[in-house]
Amino acid sequence: MDLRAKWYLHSELSIFYSHHIQHPPRLLSSLNALFGSAFSVLTTRSYRLKLQIMQSPVLVLKDSLKRESGSKVQHANIHAAKAVADIIRTTLGPRSMLKMLLDAGGGIVVTSDGNAILREIDLAHPAAKSMIELSRTQDEEVGDGTTSVIILAGEMLHVAEALIDKSYHPTVICRAYNKALEDAVAVLDKIAMPIDAKDRGTMLGIVKSCIGTKFTSQFGDLIADLAIDATTTVNIDLGLGLRDVDIKNYVKIEKVPGGQLEDSRVLKGVMINKDVVAPGKMKRKIVNPRVILLDCSLEYKKGENQTNTELLKEEDWSLLLRMEEEYIEELCMQILKFKPDLVITEKGLSDLACHFLSKHGVSAIRRLRKTDNNRIAKACGAVIVNRPDELQESDVGTGAGLFEVKKIGDEFFAFIVECKDPKACTVLLRGASKDLLNEVERNLQDAMSVARNIIKNPKLVPGGGATELTVSATLKQKSSSVQGVEKWPYEAAAIAFEAIPRTLAQNCGVNVIRTMTALQGKHANRENAWIGINGNTGDITDMKECKIWDAYNVKAQTFKTAVEAACMLLRIDDVVSGIKRQAPGAGQASSKPKVETEADADSEQILPD
């Protein structure tokens with residue numbers, strides 16, 4: 001067979017193979033008989049060529065990128081979430097352990113607050129970072145339950161791992177979890193108990209039970225009293241049954257080391273870390289002061305950029321100075337015609353303005369924070385004014401009963417207190433050390449958040465794990481009526497809710513298996529939805545008798561956040577990570593300076609003179 005015939009046959013066979021067409025058996029045998037071994041060699045070569053084309057890899061991602069996909073990613077996310085939950089598992093309940101954290105600057109944080117612990121930890125895994133976001137979200141929304149939400153989310157993912165091993169699709173698991181969440185919130189609504197938020201005794205009991213797991217529970221009613229006083233001060237009725245309690249903007253916590261914790265109190269007004277501008281000339285104590293708040297500087301206006309002034313005569317210089325003085329005097333006279341006793345400005349206050357004000361017996365404070373100025377306005381009824389020429393009589397604050405500057409330790413503090421109807425307040429905390437004060441502040445923030453939740457939505461659910469056990473027992477009974485493959489993930493969610501009472505029992509040091517079996521038996525018989533575990537003793541008791549309660553808002557938010565976060569992490573099936581490469585040699589040249597060695601010196605050419 002000549003070369004042309006071979007080439008033609010080779011190309012035809014390649015076309016056949018590329019289109020996945022098989023020759024009829026008779027045609028193959030006849031071709032083989034006609035051309036002999038040449039046909040076999042050509043067909044083998046064509047087939048090999050076809051395999052090479054099929055098996056050549058297609059590169060989409062760059063070499064610097066790392067990609068993981070499938071169940072491997074889901075298992076990694078689940079293990080990361082469980083690791084985060086295990087870090088703070090021992091900080092749940094009144095018998096909780098404390099964690100000591102050392103930061104890069106050498107500072108120490110000693111706390112049992114879940115959010116504070118996770119905030120200080122630097123993690124690398126993306127799923128672990130999203131778990132920390134859960135705690136932060138819970139803290140911002142309701143202020144409590146930061147540890148519970150992490151433990152519950154970790155347990156939801158833990159029970160889902162067995163289902164993923166059995167090839168359950170994550171979407172099926174998430175659908176069952178969301179259904180279980182709806183039923184859990186319905187159970188919460190059913191067992192919730194409405195209360196009267198105006199009854200101080202009831203409020204005190206609720207706040208005490210909610211912060212009973214904190215470090216400051218050993219100081220009795222102190223923190224609960226401070227929290228209730230602060231929240232009731234800033235409580236505003238919006239009408240139509242709605243209330244606004246803005247503790248973030250209108251409750252300031254001032255920590256002053258020294259004294260005893262029992263010296264802490266809520267001021268009926270505002271306290272700021274400032275002294276009057278001219279202590280020798282201005283009064284430090286004024287009864288029933290008239291307060292003017294400004295958002296402008298009492299100085300001569302300077303140019304935005306560098307300003308040049310050309311003076312032709314010597315008298316022009318004195319004229320320029322006199323114009324500045326007259327401008328400042330005019331500003332001060334616009335303020336003084338309202339006969340204030342105290343002027344507070346957020347900006348600067350010149351020496352000349354200070355002279356005019358002190359000459360008329362007016363005290364002044366300058367360079368105040370915007371937030372502090374807003375609190376003073378809410379406390380004494382003043383209005384912050386941007387221009388002195390726009391001042392009106394209604395802008396002057398007359399609600400304060402006393403202005404006084406006191407020295408505490410080495411610093412001066414200005415008090416605007418004894419206000420008639422303050423809508424802002426300051427909580428003054430005293431204590432032995434900064435570490436103690438920081439922990440008390442964290443506990444006080446949680447207590448105020450609980451009080452705010454009760455004021456906004458006055459409903460209670462049982463604490464001590466009773467709510468979770470009731471939800472778990474109800475979901476287990478309902479799981480028998482769930483149709484299809486969603487039954488097993490639904491039942492797994494019911495088992496996951498038992499993580500909270502189980503952790504409480506572990507931290508108490510009691511026999512966990514025996515305690516949990518007894519609790520499950522009582523809730524399976526629907527005896528009493530308020531049966532739970534006493535976090536101090538580990539006994540199985542009625543939560544109503546022990547006065548161990550949780551706010552409805554906190555518990556509902558915990559369930560929602562935990563389940564939604566678990567669903568989000570389960571639905572991740574691909575992780576692509578990588579960093580951009582630097583230009584070759586660019587990083588090395590800048591980071592390592594070239595050092596001349598002895599060999600380099602020897603090799604240099606000596607130039608002739």
Side-chain angles (χ1 to χ4, degrees), residues 64-93 96-105 107-165 170 173-174 177 181 442 489 492-493 495-497 499-500 502-503 506-507 557-579:
S64 61
L65 294 178
K66 183 183 175 185
R67 181 184 176 190
E68 294 178 352
S69 58
S71 61
K72 183 181 177 184
V73 174
Q74 287 155 354
H75 283 293
N77 288 345
I78 289 169
H79 291 154
K82 280 166 62 181
V84 173
D86 288 339
I87 290 171
I88 60 170
R89 191 180 294 277
T90 56
T91 64
L92 186 74
S96 61
M97 298 287 141
L98 293 172
K99 304 285 183 185
M100 179 181 281
L101 307 168
L102 306 173
D103 59 16
I108 299 172
V109 177
V110 180
T111 181
S112 64
D113 184 78
N115 182 46
I117 293 166
L118 295 177
R119 196 173 54 216
E120 298 290 334
I121 296 175
D122 189 16
L123 298 173
H125 199 280
K129 287 181 179 177
S130 69
M131 289 288 283
I132 291 177
E133 286 296 310
L134 288 191
S135 182
R136 189 179 62 81
T137 305
Q138 182 80 2
D139 192 55
E140 287 179 1
E141 284 295 317
V142 290
D144 196 17
T146 52
T147 306
S148 304
V149 72
I150 298 291
I151 293 172
L152 190 55
E155 192 68 19
M156 286 280 179
L157 290 165
H158 173 62
V159 296
E161 188 174 15
L163 298 169
I164 288 173
D165 289 337
I173 301 173
C174 294
Y177 275 14
L181 175 61
R442 284 190 285 268
I495 294 168
F497 279 106
I500 302 294
R502 187 169 65 247
T503 307
Q506 285 172 350
N507 292 346
Q557 185 68 30
T558 302
F559 288 178
K560 289 173 186 174
T561 309
V563 172
E564 286 169 8
C567 291
M568 182 191 73
L569 290 176
L570 284 174
R571 289 171 63 182
I572 297 171
D573 71 336
D574 217 328
V575 175
V576 180
S577 59
I579 54 173

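None of these values were measured; they are calculated from a predicted model.
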Hey, mind stepping through Glu161 and His75 against side chain to side chain contact (heavy atoms under 4.5 Å, CB included) and telling me if it holds?
-> CA-CA 7 Å; Glu161 188 174 15; His75 283 293; 3.3 Å; yes
Quick one: do Leu102 and Ile108 satisfy side chain to side chain contact (heavy atoms under 4.5 Å, CB included)? Show the steps, please.
-> CA-CA 5 Å; Leu102 306 173; Ile108 299 172; 3.5 Å; yes
Evaluate the side chain to side chain contact (heavy atoms under 4.5 Å, CB included) criterion for residues Leu157 and Asn77: first the C-alpha distance (whole Å), next the side-chain angles of each, then the deciding distance (0.1 Å), finally the verdict.
-> CA-CA 9 Å; Leu157 290 165; Asn77 288 345; over 6 Å; no
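Using a 4.0 Å cut-off between charged nitrogen and carboxylate oxygen, Asp86 and Arg89 count as a salt-bridge pair. Taking the charged nitrogens against the carboxylate oxygens, Glu133 and Lys129 have no contact shorter than 4.0 Å, which rules out a salt bridge.
In this structure a side-chain-to-backbone donor-acceptor pair under 3.5 Å is present from Asn507 to Leu92. Judged by distance alone, the side chain of Gln138 and the main-chain N or O of Asp144 form a donor-acceptor pair under 3.5 Å. Under a 3.5 Å cut-off, the side chain of Ser130 and the backbone N or O of Ala127 do form a donor-acceptor pair.
A distance of 9.0 Å separates CG in Leu181 from CZ in Phe559, rounded to the nearest 0.5 Å. In this structure, CZ in Arg119 is found 11.5 Å from CD1 in Ile121, a value given to the nearest 0.5 Å. Put simply, CD on Glu140 and OG on Ser135 are 10.0 Å apart, with the number rounded to the nearest 0.5 Å. Taking CG of Leu101 as the start and OG1 of Thr111 as the end, the distance is 8.0 Å to the nearest 0.5 Å. Between atom CZ of residue Arg571 and atom CD of residue Gln74 there is a gap of 11.5 Å, rounded to the nearest 0.5 Å.
Looking at heavy atoms from C-beta onward, Met131 lies in side-chain contact with Leu569 at the 4.5 angstrom threshold. With a 4.5 Å cut-off on side-chain heavy atoms, Leu134 and Ile150 count as touching. When side chains are defined from C-beta on, Val149 does not count as touching Thr137, because their heavy atoms never get closer than 4.5 Å.
In terms of heavy atoms, Thr558 sits closest to Gly145 at OG1-O, 4.3 Å. Residues Leu570 and Cys174 share a closest heavy-atom pair of CB-SG, 4.3 Å. Closest approach of Asn115 and Thr146 over heavy atoms only: N-OG1, 3.5 Å. Taking both residues in full, the closest heavy atoms of Glu155 and Ala499 are given as CG-CB, 3.5 Å, listed atom of the first, atom of the second, then distance. Closest approach of Ala85 and Gly154 over heavy atoms only: CB-CA, 4.3 Å. Between Arg442 and Ala116 the shortest heavy-atom distance is CD-CB, 3.6 Å.
Within 6.0 Å of CG in Asp165 there are more than 12 heavy atoms belonging to other residues, nucleotides or ligands.
Under the rule for a ring-ring contact (aromatic ring centres under 6.0 Å, His included), Tyr177 has no partner lying at least two apart in sequence or in another chain. For Lys99, there are no salt bridge (Lys or Arg N to Asp or Glu O under 4.0 Å) partners two or more places apart in sequence or in a different chain.
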